[in-house]
Amino acid sequence: MKLDVLDAEKTWYQEGLQFTCSQCGNCCTGGPGYVWISKEEIVRLAEYLKITPEETVEKYCRKVAGQFSLKENRDPATGNYDCVFLTTEPAARGAGDKVVQSKRGCSIYPVRPLQCRTWPFWSENLANESNWNRAAKRCHGMNHGRKFTIEKIHALRDAKDWPDNPPTSAPKSK
Ligand code: SF4
Ligand code: SF4
C-alpha cells in the first residue's frame with residue numbers, strides 16, 4: 001500500500017486522464033500488429049460465435065510465439081491491416097448532401113479481448129506523457145471526455161481479466 005502511494009506520487013497523470021471513444025476504429029487497423037487473445041477468451045469468443053474453440057482458432061486466430069492473436073485482413077484500398085472483426089458502416093449522407101463520416105465497430109464487441117478493453121491505459125502509453133500524446137494522434141478519444149482517476153487507470157493497466165465498465169464502453173449514466 002505504501003509503495004502504491006509512492007508510485008502514485010511519481011506519475012505524470014496524477015490528476016487523472018480523459019478518454020471517450022469516438023468509434024473511429026483507428027485502433028483496430030493500421031500497420032501490422034497483434035491483438036492477443038487468451039485461451040479463456042477464445043472459449044468465450046467461440047460461445048459467442050456459436051462455433052467450437054477449434055473452429056474459432058482456425059478461422060480467426062494465428063499462433064505467434066506460443067500465443068494466439070486475432071487474424072488481420074489487408075485492405076487493398078488503404079494498405080492497412082484490419083482486425084478480422086473490424087466492421088465499417090457505409091458512409092451516409094446528411095442534409096444538403098453533407099457527407100457524414102462512416103463509423104467503424106467491432107463485430108464481437110461483447111467478447112472482445114482484454115487488450116481491447118483496457119485501451120488506452122496500457123503501460124507503454126502511460127510510461128510518459130509523450131508516449132500518451134503520440135498515441136492520441138491516432139486515437140482521438142484520448143484527452144477528451146470521461147475522466148479516469150489514477151486508481152482507475154492503474155486498475156485497467158494491471159487488469160488480468162475483463163474489467164467492469166471498460167473505457168471503450170459507453171459511459172454509464174449516473
Ligand atoms: S477485437 Fe474488436 S475492438 Fe479488438 S481490435 Fe478487433 S475489431 Fe477492434
Ligand atoms: S479507442 Fe480511440 S482509436 Fe479506437 S475507436 Fe475509440 S477513439 Fe478510435
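Only heavy atoms go into these numbers, but all of them, side chains included; no hydrogens, no water, no symmetry mates. One-based numbering, in listed order, for ligands and for the atoms of each.
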Of all the atoms in ligand 1, which lie at a distance below 4.0 Å from a heavy atom belonging to [X]?
| X | value |
| --- | --- |
| Phe85 | 7 (S) |
| Leu86 | 7 (S) |
| Leu70 | 1 (S) |

In terms of atom number and element, which parts of ligand 2 are under 4.0 angstrom from non-hydrogen atoms of Trp119?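 So the answer, numbered in order with elements, is 1 (S), 2 (Fe).
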Would you kindly confirm whether [X] and [Y] end up in one hydrophobic cluster when ILVMFWY residues are joined by side chain heavy atoms under 4.5 Å apart?
| X | Y | answer |
| --- | --- | --- |
| Tyr13 | Leu156 | yes |
| Val57 | Leu114 | yes |
| Tyr60 | Tyr109 | no |

On the 0 to 90° scale, with breaks at 30° and 60°, tag the Trp122-Trp119 ring pair as parallel, tilted or perpendicular.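 Perpendicular: the ring planes of Trp122 and Trp119 meet at over 60°.
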Is the closest side-chain donor-acceptor distance between Arg104 and Asn26 under 3.5 Å?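 A donor-acceptor contact under 3.5 Å links the two side chains.
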Classify the side-chain pair Trp162/Glu41 by whether it contains a donor and acceptor separated by less than 3.5 Å.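 Note: Trp162 and Glu41 side chains meet the donor-acceptor criterion.
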Flag Cys116 as yes if one of its N/O/S atoms falls below 2.8 Å of atom 2 (Fe) of ligand 1, otherwise no.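 It does not; every qualifying atom lies at 2.8 Å or beyond.
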Closest non-hydrogen protein atom to atom 6 (Fe) of ligand 1, residue and atom name please, with distance?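 For this ligand atom, the closest protein heavy atom is Cys83 SG, 2.3 Å.
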Shortest protein contact, atom 2 (Fe) of ligand 1 (heavy atom only):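 Sorting protein heavy atoms by distance from atom 2 (Fe) of ligand 1 puts Cys106 SG, 2.4 Å first.
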Mark yes when over 12 heavy atoms from residues, nucleotides or ligands other than His140 sit less than 6.0 Å from its NE2; otherwise mark no.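 Enclosed: over 12 neighbouring heavy atoms sit under 6.0 Å from NE2 of His140.
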Look at Arg44 together with Asp161 and state whether they make a salt bridge at an N to O cut-off of under 4.0 Å.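 Salt bridge: yes.
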Flag the pair Glu72 and Arg62 as a salt bridge only when some basic side-chain nitrogen lies within less than 4.0 angstrom of an acidic carboxylate oxygen.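 Salt bridge flag = yes for Arg62 with Glu72.
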Under 2.8 Å from atom 8 (Fe) of ligand 2 - protein N/O/S, by chain and number: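 Correct list: Cys24 SG.
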Can you figure out which of Pro113, Gly33, Cys28 has its heavy atom closest to atom 8 (Fe) of ligand 1?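 Going through Pro113, Gly33, Cys28 one by one, Cys28 has the nearest heavy atom to atom 8 (Fe) of ligand 1.
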Side chain to side chain contact (heavy atoms under 4.5 Å, CB included) assessment of Thr11 paired with His154: CA-CA 11 Å; Thr11 59; His154 285 174; 4.1 Å; yes
